[in-house]
Protein chains: 2
Amino acid sequence: MVRSAATLFSTRGANATSFSDVIAQSGAPRGSIYHHFPEGKKQLAIDAIGWTAQRVLAHLRASTAATPGDVLEYFIAMWRHVVVSSHAAAGCAVAGVALDTPHDEADVMHAVNAAFRSWSEQLAEQLVAAGVPAARARAIALTTLAGMEGALILCRAEGGVAPLDAVAEELMRLLP
Amino acid sequence: MVRSAATLFSTRGANATSFSDVIAQSGAPRGSIYHHFPEGKKQLAIDAIGWTAQRVLAHLRASTAATPGDVLEYFIAMWRHVVVSSHAAAGCAVAGVALDTPHDEADVMHAVNAAFRSWSEQLAEQLVAAGVPAARARAIALTTLAGMEGALILCRAEGGVAPLDAVAEELMRLLP
DNA sequence: CGGGTACTATGATGATCGTCATACTGACTG
DNA sequence: CAGTCAGTATGACGATCATCATAGTACCCG
């Protein structure tokens with residue numbers, strides 16, 4: 001269910017995804033929604049974000065990139081694969097929740113923020129390990145993350161991967 | 001109504017915004033929804049995007065920036081103002097629609113794409129006028145747009161303007 | 001004044017949503 | 001074997017949504 005929710009969030013946003021959709025796509029039993037998610041939809045969103053965050057983190061940690069350029073390329077290639085394999089229909093599930101959630105829903109927003117920060121920090125860490133000074137690494141990591149999130153939206157709008165490629169090429173210039 | 005819809009889209013996304021919300025916020029009469037928007041909510045979304053697109057374009061055209069740095073700063077300052085004046089609650093209405101709309105809703109997606117492209121092209125044009133070679137100008141403009149859209153999401157998640165400022169500083173490095 | 005057009009008031013419709021209560025299943029514990 | 005409990009089935013609830021039909025009002029043109 002969490003996995004289905006995450007993919008649905010990434011293609012239609014959180015509010016356009018109903019429990020019925022999640023049930024239908026995951027094959028999970030209807031009756032056990034509030035057994036596994038006692039707090040309802042909010043909890044499903046939080047769990048889906050957490051699941052996505054961990055998945056991305058695990059993928060990043062599997063990287064063997066040694067140079068700063070390889071680090072960024074590995075991160076970018078991950079998002080590029082999302083766009084290509086979904087024919088520009090999917091984006092980032094975390095962003096899909098972030099834009100659909102009123103900013104005063106503290107716990108959901110906190111999960112969103114934690115996900116973004118974990119990715120940014122992991123990326124910065126890898127850049128530091130590849131020889132980039134810490135302060136610059138943090139800034140480059142954050143900019144790359146923002147660039148990707150924005151590029152995902154542009155790709156979705158255009159229906160192709162071209163914007164992401166163009167953004168990626170520019171982001172590479174930020175490296176020493 | 002269009003103005004209200006646009007601001008609501010930018011703070012909660014398109015699907016979380018009901019006609020009732022738009023009515024309540026705009027003070028418009030309930031009975032005349034389908035007089036002004038015969039195609040229903042889809043048309044409201046398209047019109048809100050068009051209105052936002054034109055508003056941003058008009059603001060950009062009012063710029064007197066002469067150097068490439070000033071051009072980017074003017075564009076960035078606009079988004080920064082959105083974040084600051086809304087206390088990090090608002091983002092980009094076009095993005096709010098883009099993520100909430102299934103990718104096969106062709107006419108809405110076309111409006112979204114047109115909005116993004118018009119901004120990107122206007123920005124590139126100004127960069128060229130400030131002396132940046134055309135090819136680079138287009139790439140920098142697209143990257144800046146993507147960076148801002150992503151930064152808006154990060155600011156919303158964090159509740160502050162810090163991510164946007166960090167991204168802005170890095171984007172400036174792309175200029176010759 | 002008369003007629004037509006633009007807009008609004010009111011409220012109904014069917015669908016869908018999130019949420020939950022109640023009852024059932026099966027497997028595991030002692 | 002009796003008992004417990006995680007998980008599932010079924011279906012109902014109030015609310016809200018987008019949409020529309022019908023009837024009304026305001027205003028402009030001649």
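The sequence lines fix the lettering, A, B, ..., with proteins before strands; numbering per chain opens at 1.
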Chemist: If the threshold is 4.0 Å, N to carboxylate O, is there a salt bridge linking B/Arg12 and A/Asp100?
Modeler: no

Chemist: Between A/Val56 and A/Val83, is there a shared hydrophobic cluster once you connect ILVMFWY residues whose side-chain heavy atoms come closer than 4.5 Å?
Modeler: yes

Chemist: Please give me the minimum heavy-atom distance between B/Ser10 and B/Arg156, naming the atom from each residue.
Modeler: O-NH1, 4.5 Å

Chemist: Among residues 17-29 of chain A, which residues get a heavy atom nearer than 4.0 Å to DNA chain D?
Modeler: A/Pro29

Chemist: So if you build clusters from Ile, Leu, Val, Met, Phe, Trp, Tyr with side-chain heavy-atom gaps below 4.5 Å, do A/Leu175 and A/Val167 land together?
Modeler: yes

Chemist: Any side-chain N or O of A/His35 less than 4.0 Å from the OP1 or OP2 oxygen of D/dG7?
Modeler: yes

Chemist: Could you note down all residue pairs passing salt bridge (Lys or Arg N to Asp or Glu O under 4.0 Å) where residues 160-172 of chain B supplies at least one of them, sequence neighbours left out?
Modeler: A/Arg136-B/Glu170, B/Arg80-B/Asp165, B/Glu170-B/Arg173

Chemist: So, applying side-chain contact (heavy atoms from CB on, under 4.5 Å) with A/Trp119, which one of A/Thr144, A/Val94, A/Leu142 is it?
Modeler: A/Val94

Chemist: Could you report the tightest heavy-atom contact between A/Thr7 and A/Ser4, atom names first, then the distance?
Modeler: OG1-O, 2.9 Å

Chemist: Quick check: closest heavy atoms across A/Asp21 and A/Ala16, and the distance to 0.1 Å?
Modeler: OD2-O, 3.6 Å

Chemist: Scan A/Thr11, A/Leu44, A/Val22, A/Val97 and name whichever one has a side-chain contact (heavy atoms from CB on, under 4.5 Å) with A/Thr17.
Modeler: A/Val22

Chemist: Could you grab the distance from atom CG of B/Asn113 to atom CG of A/Leu154, nearest 0.5 Å is fine?
Modeler: 8.5 Å

Chemist: Within the sub-3.5 Å range, which N or O atoms of nucleotides 10-14 of chain D have a protein N or O partner, and how far apart are they?
Modeler:
residue, atom, partner, partner atom, Å
D/dG11, N7, A/Arg30, NH2, 3.4

Chemist: What residue among A/Ile153, A/Val112, A/Leu145 forms side-chain contact (heavy atoms from CB on, under 4.5 Å) with B/Ile153?
Modeler: A/Ile153

Chemist: Considering the options A/Ile76, A/Val84, A/Val82, which one meets the side-chain contact (heavy atoms from CB on, under 4.5 Å) requirement together with A/Leu164?
Modeler: A/Ile76

Chemist: Quick one: how far along DNA chain C does chain A reach, first to last nucleotide 5' to 3', anything under 4.0 Å to a heavy atom?
Modeler: C/dC17 to C/dC20

Chemist: Start at the 5' end of DNA chain D and walk down; is the nucleotide closest to B/Ile33 or to A/His36 reached first?
Modeler: A/His36

Chemist: Report all interatomic pairs (protein N or O, nucleotide N or O of nucleotides 24-29 of chain D) with separations under 3.5 Å.
Modeler:
none

Chemist: Rounded to the nearest angstrom, tell me the gap between atom CE in B/Met1 and atom C1' in D/dA18.
Modeler: 13 Å

Chemist: Write out all pairs satisfying ring pair (Phe, Tyr, Trp, His ring centres under 6.0 Å) with one or both partners inside residues 37-61 of chain A, taking only residues at least two apart or from two chains.
Modeler: A/His59-A/Tyr74

